[in-house]
Protein chains: 2
Amino acid sequence: MALKAASARNLHAQVIEDIGSSIVGGVLQPGEALPGESQLAGQMEVSRTVLREALKVLASKGLIETRQKTGMRVREPRHWNHLDADVLAWRCATMPTDDFVEKLVEMRGIIEPAAVMAAARRRDPAQLETIAEALEAMEEAEDLDAWAEADLRFHEAVLAATNNELLSSLFAVIETALATFFVMSARNAKNFKYSLPQHRAVYEAIRRRRPNEAAAAMHSMIADSRTNMRKGRRG
Amino acid sequence: MALKAASARNLHAQVIEDIGSSIVGGVLQPGEALPGESQLAGQMEVSRTVLREALKVLASKGLIETRQKTGMRVREPRHWNHLDADVLAWRCATMPTDDFVEKLVEMRGIIEPAAVMAAARRRDPAQLETIAEALEAMEEAEDLDAWAEADLRFHEAVLAATNNELLSSLFAVIETALATFFVMSARNAKNFKYSLPQHRAVYEAIRRRRPNEAAAAMHSMIADSRTNMRKGRRG
DNA sequence: AAACCACATTTGTCCGACAAATGACAAGCT
DNA sequence: AGCTTGTCATTTGTCGGACAAATGTGGTTT
């Protein structure tokens with residue numbers, strides 16, 4: 001069960017982190033019955049109040065299930081909210097397998113082209129201008145930090161231009177998870193601008209309202225980034 | 001603020017429902033400061049313990065933000081977990097605008113073809129067999145209920161065959177939300193089997209491991225269902 | 001053997017108290 | 001006067017105990 005694995009601001013946040021990562025990490029098996037609230041609170045050295053606040057949050061993430069008299073049980077993975085930011089983060093931390101990364105990459109491959117297509121269809125002038133500004137900042141970037149900051153702004157601007165918060169919410173979650181694996185290794189500092197032409201192509205397609213061209217440009221960008229990642233992960 | 005709008009199993013579930021739907025429904029504006037915990041608990045006639053359990057869950061959904069001394073504030077919509085099942089359900093209940101439905105439909109149009117493509121690539125024999133059984137049940141369905149049950153099984157089987165729980169989790173959430181709008185109106189009872197050929201086409205493509213054909217079949221199926229829905233919503 | 005009931009255990013709910021954090025305001029210094 | 005600093009009050013965070021409600025278990029009765 002582990003004691004005090006995490007250290008966050010609040011006690012309940014620590015408890016959530018602790019139990020949640022234990023479940024996602026497989027320390028607690030699905031179907032397994034957890035000890036009663038009083039006992040568990042004792043083990044973790046927190047009050048039952050705090051423990052219960054954490055349990056409610058975990059239940060809302062679909063990780064556990066609680067019924068009176070029976071106690072709490074770990075739910076099966078198919079009931080988990082796999083798209084929850086915390087659940088995803090715990091999986092990234094405890095399951096750094098190529099298998100899982102492939103799933104994330106697949107999701108990105110599905111979403112990004114769709115997002116730029118939507119942006120090409122529905123962006124308004126102001127949103128286009130925001131994208132243009134980010135692209136300009138990318139061109140003028142002198143070091144890696146400036147480029148990474150501008151790149152983030154570019155993608156956020158494209159997301160906003162889709163005018164579909166479901167799409168942008170999904171995108172943000174997946175992107176965050178992927179970022180924990182590929183931290184933009186400083187080793188590639190030399191050619192960190194290699195994807196600039198593709199970004200420009202995406203922008204041009206969005207400006208000219210050409211969904212298919214935008215998707216094609218994004219596909220090319222993803223293909224490049226994929227080979228690049230594959231190189232990067234070996235180190 | 002509303003008192004006792006919802007009636008669920010547990011008290012905290014009611015409170016979550018109550019405050020959550022008030023926020024998503026726009027009764028509580030973003031940036032607005034909620035009354036203190038003690039006062040709010042008094043208004044709702046629940047103990048502070050229960051209220052806090054609810055608040056923690058709402059905070060984990062990104063709906064509210066709480067800092068000491070300052071109190072709680074409603075967060076801006078861009079911070080919400082739009083893919084959370086509860087948040088989505090509340091939006092369905094309080095924002096039945098065509099605008100929102102379009103977003104859901106767009107998501108489905110992105111995900112479903114991608115899902116059948118993944119299934120066509122990675123399904124194993126057992127998963128294919130499960131899909132086949134569901135399809136068979138659809139063919140033999142005599143009434144609407146039987147067909148709806150088999151249809152659900154078909155889609156679930158396809159989802160499982162993708163071998164990507166991120167994809168299936170997303171799909172399930174979107175599908176659930178859409179189902180609240182289009183309850184498969186009994187008016188169409190006569191030709192409820194109209195989409196059988198398309199289902200069969202999808203199955204065949206998955207069986208023959210043809211991702212592109214599967215996506216094409218799914219696109220055709222979505223197009224049909226879209227026109228059909230448009231007719232259905234007018235009633 | 002089957003139906004029924006009393007009991008024990010576990011979660012659900014309530015309450016009151018204190019600790020920690022922090023914005024606000026007042027006092028003091030330059 | 002303007003800025004800094006320190007005290008204070010308010011709000012969330014944490015704690016412990018108590019009782020209510022639900023429910024699986026096992027014994028009892030027919």
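Because the structure is predicted, anything quoted here is derived from the model rather than measured. Convention: sequence-line order gives letters A, B, ...; per-chain numbering from 1.
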Q: My understanding is that only residues two or more places apart in sequence, or in another chain, count here; which of them pass side chain to side chain donor-acceptor pair (under 3.5 Å) with A/Trp90?
A: A/Glu17
Q: Take the protein atom CZ of A/Arg9 and the nucleotide atom P of D/dT12, then report the distance between them rounded to whole Å.
A: 16 Å
Q: For residues 123-134 of chain A, which side-chain donor-acceptor pairs fall under 3.5 Å, sequence neighbours excluded?
A:
unit_1: A/Arg123; atom_1: NE; unit_2: A/Ile206; atom_2: O; d: 3.2
unit_1: A/Arg123; atom_1: NH2; unit_2: A/Arg207; atom_2: O; d: 2.6
unit_1: A/Asp124; atom_1: OD1; unit_2: A/Ala126; atom_2: N; d: 3.1
unit_1: A/Asp124; atom_1: OD1; unit_2: A/Gln127; atom_2: N; d: 2.8
unit_1: A/Gln127; atom_1: OE1; unit_2: A/Asp124; atom_2: N; d: 3.0
unit_1: A/Gln127; atom_1: OE1; unit_2: A/Asn163; atom_2: ND2; d: 3.4
unit_1: A/Gln127; atom_1: NE2; unit_2: A/Ala160; atom_2: O; d: 3.3
unit_1: A/Gln127; atom_1: NE2; unit_2: A/Asn163; atom_2: OD1; d: 3.1
unit_1: A/Thr130; atom_1: OG1; unit_2: A/Ala126; atom_2: O; d: 3.0

Q: Residues in salt bridge (charged side-chain N to carboxylate O under 4.0 Å, His left out) with B/Lys56, at least two apart?
A: none
Q: Please write out each protein N/O paired with an N/O of nucleotides 5-8 of chain D under 3.5 Å, distance rounded to 0.1 Å.
A:
none

Q: Separation of B/Glu53 atom CD from D/dG13 atom P, in whole Å?
A: 14 Å
Q: Sugar-phosphate atoms are those with a prime plus P, OP1 and OP2; base atoms are the rest. Using that split, label each nucleotide of nucleotides 19-27 of chain D B, S or - for protein heavy atoms under 4.0 Å, 5' to 3'.
A: --BBBS---
Q: Just to verify, what does A/Arg122 make a salt bridge (charged side-chain N to carboxylate O under 4.0 Å, His left out) with, not counting sequence neighbours?
A: B/Glu106
Q: Could you give all pairs that pass the salt bridge (charged side-chain N to carboxylate O under 4.0 Å, His left out) test and reach residues 22-36 of chain B, with sequence neighbours left out?
A: none
Q: What is the distance, to the nearest angstrom, from the CE atom on A/Met72 to the C1' atom on C/dT9?
A: 14 Å
Q: Do A/Ile222 and A/Val105 come within less than 4.5 Å of each other through their side chains, counting heavy atoms only?
A: no
Q: Can you tell me the distance, in whole Å, between the CD atom of B/Glu37 and the P atom of D/dT14?
A: 11 Å
Q: Would you mind listing every salt bridge (charged side-chain N to carboxylate O under 4.0 Å, His left out) that reaches into residues 73-83 of chain A, with sequence neighbours excluded?
A: A/Glu76-A/Arg78
Q: Is A/Val15 close to A/Asn10 at the side-chain level, that is, under 4.5 Å between some pair of heavy atoms?
A: no
Q: Give the rounded distance in Å between these two atoms: CG of A/Leu51 and C1' of C/dT11.
A: 12 Å
Q: Please give me every residue in residues 54-65 of chain A whose heavy atoms get under 4.0 Å of an atom in DNA chain C, ordered by residue number.
A: A/Lys56
Q: If a pair satisfies side-chain hydrogen bond (donor to acceptor under 3.5 Å, both in side chains) and one of its residues is in residues 134-145 of chain A, list it, with sequence neighbours excluded.
A: A/Glu139-A/Arg200
Q: Under 4.0 Å between a side-chain N or O of B/Thr66 and OP1 or OP2 of D/dG13?
A: yes
Q: Check the distance between D/dT11's P and B/Arg52's CZ and give it to me in whole angstrom.
A: 14 Å
Q: Which residues pass the side-chain contact (heavy atoms from CB on, under 4.5 Å) test with A/Ala141, not counting sequence neighbours?
A: A/Ala146, A/Trp147, A/Lys193
Q: Quick one: side chain to side chain donor-acceptor pair (under 3.5 Å) partners of B/Glu112, sequence neighbours excluded?
A: B/Arg108
Q: Quick one: which of D/dT14, C/dC15, C/dT13 gets closest to the side chain of A/Val50?
A: D/dT14
Q: Find which nucleotide of DNA chain D each of B/Thr49 and B/Ser38 is nearest to by heavy atoms, and output the residue with the more 5' nucleotide.
A: B/Ser38
